[in-house]
Amino acid sequence: MRTEPSPGNLPAREHLPAGNAGTPVLDVVIPVYNEEKDLQPCVLRLHEHLSRTFPYAFRITVADNASTDTTPLVAARLAAELPEVRSFRLEQKGRGRALRTVWSASDAPVLAYMDVDLSTDLNALLPLVAPLISGHSDLAIGSRLARSSRVVRGAKREFISRTYNLILRGSLQARFSDAQCGFKAIRRDVAQVLLPLVEDTGWFFDTEMLVLAERAGLRIHEVPVDWVDDPDSTVHIVKTATDDLKGVWRVGRALATGSLALDRLARPFGDDPRDREISGVPKGLARQLVGFCVVGALSTLFYLVLYSGFRTFSGSQIANALALLVSAVANTAANRRLTFGVRGKGGAVRHQAQGLVVFGIGLALTSGSLAALNAATTEPAHATELAVLIVANLAATVLRFLLFRAWVFPDRHDTSPSTVVASHTPAAPTMPPTVPAGPASPVHATAPRSPYGRSTQSLYGTANAPHDHQTWGDATMQMQPVRPNDHDPRDAR
């Protein structure tokens with residue numbers, strides 16, 4: 001059975017409207033571990049840059065990964081001094097764990113993160129999040145490997161980075177150029193559905209998130225960045241590379257077996273040109289044709305190898321029938337998954353039965369060709385047999401594609417109207433339910449539960465905590481842009 005997209009999981013992308021400044025549009029997370037020296041300069045510099053250049057309200061969240069030095073004290077002091085800064089501490093290490101925890105509980109419609117060393121020039125931050133605010137893209141990443149990027153780093157780090165991205169392209173067919181740059185952003189509505197599918201809690205978190213998003217058809221925007229390597233980086237290259245390779249194997253195996261429910265990430269684009277009805281152009285024909293040709297070429301090679309093997313101990317007709325049967329089963333399974341995008345075990349037996357009918361037609365064509373060849377000459381050469389079978393298989397391939405598309409795996413359109421559960425229509429802020437004051441009625445008692453078994457109450461404290469004098473309402477509320485100064489004499493550029 002073809003896996004249909006679940007309606008309403010992701011709303012159609014829309015421009016985030018400007019309105020009240022109470023809810024931040026952007027939440028920038030800085031994951032840290034024992035960064036007592038670099039944390040304060042990083043936060044102050046980022047805060048100054050956002051205050052001067054970012055036209056919406058923002059928040060900076062310091063996510064402490066179980067630091068053992070004075071990093072939590074530095075983060076708490078910054079949160080007390082700057083209203084736009086929050087701090088949160090996890091008792092377990094892992095950059096991916098920190099990002100997933102903070103992003104899952106954030107109320108900002110755009111979520112980002114960057115490394116504490118600020119190796120990436122901050123002038124790329126607004127171009128990074130602008131496509132997400134405008135509704136053009138679902139995720140955005142900084143790329144150090146783009147042609148217009150300006151990067152300063154050693155040959156060792158350059159070699160490792162490019163080799164890793166080549167591995168991703170070759171093994172997972174990734175099309176994004178830079179998976180490891182610590183400079184990424186995602187829309188909150190996408191993160192709420194995508195993050196539960198990401199298993200890694202460490203450095204491979206970014207790569208897994210991008211691979212799954214790309215396979216689900218989400219749009220990833222790339223921004224060329226200026227990047228200067230931090231010589232004092234605490235990243236353990238060998239261990240990180242080993243964990244990344246293990247992650248590549250795990251994700252590749254999950255994608256090959258179809259165990260990931262990527263159809264949950266489908267969104268009703270509405271303005272996607274692929275959704276437009278154009279007379280004479282069947283939907284998905286070009287992609288299906290390319291996939292079918294690739295599978296067909298590999299199946300033909302597989303068939304010829306089998307035929308040559310069976311021919312050593314049997315006649316031509318028996319060898320042809322056996323080779324065609326085995327290759328037909330493999331061909332149907334490959335086309336089912338790769339060409340026509342049918343996932344799961346539902347309907348697999350029926351599809352194989354229909355594929356065997358198509359196999360019978362191919363068997364008739366190829367067997368008839370061999371019979372005609374044997375009638376023309378009593379002792380045909382092996383090369384002549386192969387040439388005749390190739391021509392017959394080409395004819396059978398065209399017929400197989402037409403039957404697969406029209407009969408075995410036909411397009412099934414759901415005519416029932418889909419229900420969108422969320423949208424970015426401006427709405428008034430929603431006030432939380434009134435909770436009586438007193439020790440017997442904690443604020444978090446009414447907080448909803450998250451998919452990870454913890455409350456989705458704000459990670460930044462209760463209503464009685466400092467700087468929580470305002471209510472963080474729905475992220476779809478109207479937000480008033482905060483206009484930056486037109487000119488800052490401190491900006492040398």
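Note: hydrogens, waters and symmetry copies are ignored here, and every other heavy atom, side chains too, is used. For clarity, every value in this text was computed on a predicted model and none was experimentally measured.
Checked by atom type, the side-chain pair Arg77/Gln40 shows a donor-acceptor distance below 3.5 Å. Side-chain contact of Thr207 with Tyr164: a donor-acceptor pair under 3.5 Å is present, judged by distance alone. No hydrogens or angles considered: a donor-acceptor pair under 3.5 Å links the side chains of Tyr113 and Arg95.
Residue Arg89 forms a side chain to side chain donor-acceptor pair (under 3.5 Å) with just one option from Thr71, Asp64, Asn65, and that option is Asp64. Each of Val102, Val62, Val29 was compared with Phe88 under the side-chain contact (heavy atoms from CB on, under 4.5 Å) criterion, and only Val102 meets it.
Among residue pairs with one or both ends in residues 176-186, those qualifying as salt bridge (Lys or Arg N to Asp or Glu O under 4.0 Å) are Arg144-Asp178, Lys184-Asp206; sequence neighbours excluded.
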For this session: Mind running side-chain contact (heavy atoms from CB on, under 4.5 Å) on Thr61 and Val28 for me, showing each step along the way?
Result: CA-CA 6 Å; Thr61 302; Val28 183; over 6 Å; no
Problem set entry | Pair Ser67-Glu35, side-chain hydrogen bond (donor to acceptor under 3.5 Å, both in side chains): steps then yes or no | CA-CA 8 Å; Ser67 295; Glu35 298 287 355; over 6 Å; no
For this session: Apply side-chain hydrogen bond (donor to acceptor under 3.5 Å, both in side chains) to the pair Arg336 and Gln352, showing each step before the final yes or no.
Result: CA-CA 9 Å; Arg336 181 178 185 271; Gln352 284 292 348; over 6 Å; no
Exercise. Between Arg219 and Asp138, is a salt bridge (Lys or Arg N to Asp or Glu O under 4.0 Å) present by the stated rule, with each step listed?
Worked result: CA-CA 5 Å; Arg219 176 173 286 166; Asp138 299 294; over 6 Å; no
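Judged by distance alone, the side chain of Arg187 and the main-chain N or O of Leu132 form a donor-acceptor pair under 3.5 Å. At least one donor-acceptor pair closer than 3.5 Å links the side chain of Ser119 to the backbone N or O of Val228. Side-chain atoms of Asp121 come within 3.5 Å of backbone N or O of Asn123 as a donor-acceptor pair.
Contacts of Arg250 classified as salt bridge (charged side-chain N to carboxylate O under 4.0 Å, His left out), with partners at least two apart in sequence or in another chain: Glu199, Glu208. For the salt bridge (charged side-chain N to carboxylate O under 4.0 Å, His left out) test, no residue two or more places apart in sequence or in another chain qualifies with Arg45.
Under the 30°/60° scheme for interplanar angles, the aromatic rings of Phe404 and Phe292 are found to stand perpendicular.
Cation-pi geometry between Lys246 and Phe204 is not met at under 6.0 angstrom from the ring centre and within 45 degrees of the axis.
Between His47 and Phe58, the gap from one ring centroid to the other is short of 6.0 Å.
Ion pairing between a basic and an acidic side chain is recognised when a charged N comes within 4.0 Å of a carboxylate O; Arg59 and Asp107 show such pairing.
Between atom OG1 of residue Thr163 and atom CG of residue Leu168 there is a gap of 11.0 Å, rounded to the nearest 0.5 Å.
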